Amino acid sequence: MIPVLILFGVLLGRWWRSSLAAAALGWPAVLVAADVMAVGAGLLGAAVLAVVNTGAGVLLHQGVRRAVRRLRAS
């Protein structure tokens with residue numbers, strides 16, 4: 001599921017704060033709803049990993065965005 005979170009970050013990287021918050025809250029909710037994990041301390045780790053993976057996608061989005069702006073300016 002790591003690629004899903006990275007793709008989520010790439011697609012919503014423009015609104016990076018919202019996408020990171022949605023990953024931190026949404027991914028643990030998906031895990032509980034799918035009965036993969038029970039509510040407990042393990043969900044905090046899942047939320048952290050979701051933010052890290054989504055953050056990687058956001059960084060990719062922001063990097064491409066800045067590179068395109070630099071190329072257009074020159």
Side-chain angles (χ1 to χ4, degrees):
M1 299 320 289
I2 292 171
V4 172
L5 292 170
I6 293 173
L7 182 63
F8 181 72
V10 168
L11 293 177
L12 297 178
R14 173 94 169 98
W15 305 279
W16 63 272
R17 289 182 188 113
S18 299
S19 64
L20 292 177
L25 298 173
W27 185 247
V30 168
L31 293 176
V32 170
D35 202 27
V36 174
M37 293 182 77
V39 175
L43 283 180
L44 181 60
V48 169
L49 289 175
V51 169
V52 168
N53 291 322
T54 303
V58 167
L59 286 175
L60 180 64
H61 174 92
Q62 291 291 325
V64 169
R65 188 172 152 218
R66 288 182 186 185
V68 168
R69 283 185 177 181
R70 284 187 184 160
L71 287 173
R72 284 185 182 172
S74 61

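Atom set for the values below is all heavy atoms of this structure, side chains included, hydrogens, waters and symmetry mates excluded. Bear in mind that the values here come from a model prediction, so they are computed numbers and not experimental data.
- Take Val4 and apply the side-chain contact (heavy atoms from CB on, under 4.5 Å) test, not counting sequence neighbours, and it matches Met1.
- The side chain to side chain contact (heavy atoms under 4.5 Å, CB included) test with Pro28 is passed by exactly one of Leu44, Val36, Leu43: Leu43.
- Checked against side-chain contact (heavy atoms from CB on, under 4.5 Å), Arg65 has the following partners two or more places apart in sequence or in another chain: Arg14, His61, Gln62, Arg69.
- Here the closest heavy-atom approach between residue Ser19 and residue Val58 is recorded as OG-CG2, 3.6 Å.
- When every heavy atom of Leu5 is checked against every heavy atom of Ala50, the shortest pair comes out as CD1-CA, 3.7 Å.
- Note on Trp27: it clusters hydrophobically with Val39, by side-chain heavy-atom contacts below 4.5 Å among ILVMFWY residues.
- Here the CG atom belonging to Leu7 is positioned 9.0 Å from the CG atom belonging to Leu12, to the nearest 0.5 angstrom.
- The shortest non-hydrogen separation linking Ala47 to Ala24 is CB-O, 3.6 Å.
- In this structure, CD1 in Ile6 is found 5.5 Å from CG in Asn53, a value given to the nearest 0.5 Å.
- Considering every non-hydrogen atom in both Ala22 and Phe8, the closest pair reads CB-CZ, 3.9 Å.
- In Ile2, the CD1 atom is not crowded: 12 or fewer heavy atoms of neighbouring residues, nucleotides or ligands sit closer than 6.0 Å.
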